[in-house]
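Some notes on the structure that comes next.
Position 1 is the first residue of the sequence, and the numbers go up from there.
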Amino acid sequence: MKYTQLGRTGLKVSRLVLGTMNFGPQTDEADSHAIMDAALDAGINFFDTANVYGWGENKGRTEEIIGNWFAKGGDRRDKTVLATKVYGNMGADGEAWPNHDKLSAVNIRRAVDASLKRLQTDHIDLYQFHHIDRDTGFDEIWQAVDTLVQQGKVLYAGSSNFPGYKIAQANETAARRGGTIGLVSEQCLYNLAERRAEMEVVPAAREYGLGVIPWSPLHGGLLGGVLKKEVQGGRRASGRAADTLADPAGRARIQAYEDLLDKHGVEPGEAALAWLLTRPGVTGPIVGPRTAEQLASALRAVELELSDELLTGLDEIFPGPGPSPEAFAW
């Protein structure tokens, strides 16, 4: 495994991030523990989750699965850089009691304590805001985070799904307050098929020293050889992948992508991950394996070197939006 610093911090993390969203809903506890053991054995030390994972009436279940894994001992917790998130409504019926969601100081304090209990740990290494809260100012948010840092419950704060201007607001507020390190990471939707983050989010993250953590690196399976799997009778596309394939132009683009990688003898899913690892500012993509085989495929991507010819071909199929403001103003 290869490692890098998380943004401007001294924290060293693996170039792949183990995503745990499938633990509970798709993968049972025993298999989830086996995947986490395999990831740690392979050198992946950066695990990502969220308080809402488990979904519906099972919200929090994923954190509980991770907590039970930590409880097995063997230095599991000590070797893991643990990241979780706050923002979502934790009510099982979908109705949030006032102050039981978003980023008020009251909810941040409550949510941290609940996550710590489920995770069976005394601290969270990276506490991430899952979405912007338009009703809560960053002075209040940083006041809450500063208290948690002083209490030893949180070490670093990060954002997820933030636009560039909110990254700037957050860290300018932190700088004005003094003594607050501010955001150190941004977790965003970013992959070959969805490159809009390159216009504002990635530049803002790099300017303020945030590590970029792309989620959905295969765009819901679209970049994982979906057409080849379709021919072979494998799992059918759904969600974002199905929407893209329903459009003839989108389907033709994915066919060109798979043909290009077949020509170079590279597996699509591994190429999509390897491409992200070449992008400026990227700490590492989140991989969310449901099986040990999927984890093994992701690990191969870390050692995969894409030729200049292949990188050029990928840019031709999936051109980026270009820098802001030139992309839309000139």
Any chance the side chains of D48 and Q128 put a donor and an acceptor closer than 3.5 Å?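 On atom types as modelled, these side chains qualify, holding a pair under 3.5 Å.
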Tell me which one of T84, T62, I65 satisfies side chain to side chain contact (heavy atoms under 4.5 Å, CB included) with Y53.
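Exactly one candidate clears the test, T62.
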- Task: Check each of L222, D262, L223 against Y257 using the side chain to side chain contact (heavy atoms under 4.5 Å, CB included) test, and report the only one that passes.
- Result: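 Of all the options given, the one that passes is L223.
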Lys/Arg N to Asp/Glu carboxylate O, [X] vs [Y], below 4.0 Å:
{"X": "R61", "Y": "E29", "value": "yes"}
{"X": "D315", "Y": "R195", "value": "yes"}
{"X": "E198", "Y": "R279", "value": "yes"}
{"X": "K166", "Y": "D133", "value": "no"}

Within 45° cone of F70 ring axis and under 6.0 Å: R76 NZ or CZ: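 Judged by the rule (NZ or CZ under 6.0 Å from the ring centre, within 45° of its axis), R76 is not positioned above F70.
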Any side-chain heavy-atom pair from [X] and [Y] closer than 4.5 angstrom?
{"X": "L227", "Y": "R251", "result": "yes"}
{"X": "V226", "Y": "E258", "result": "yes"}
{"X": "Q5", "Y": "L11", "result": "no"}
{"X": "W55", "Y": "M21", "result": "yes"}

Exercise for the section: For P217 and A272, work out which heavy atoms get closest and say how close. Expected result: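 Nearest pair, atom of P217 first, then A272: O-CB, 4.1 Å.
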- request: Would you check, one step at a time, whether the test salt bridge (charged side-chain N to carboxylate O under 4.0 Å, His left out) holds for K72 with D37?
  value: CA-CA 11 Å; K72 290 183 175 182; D37 281 334; 5.0 Å; no
Among D113, D125, D146, whose salt bridge (Lys or Arg N to Asp or Glu O under 4.0 Å) with K153 holds?
->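 When salt bridge (Lys or Arg N to Asp or Glu O under 4.0 Å) is applied between K153 and each of D113, D125, D146, only D113 qualifies.
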* Asked: Given the rule that I, L, V, M, F, W and Y join up when any side-chain heavy atoms are under 4.5 Å apart, are L314 and V282 in one cluster?
  ->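 Same cluster.
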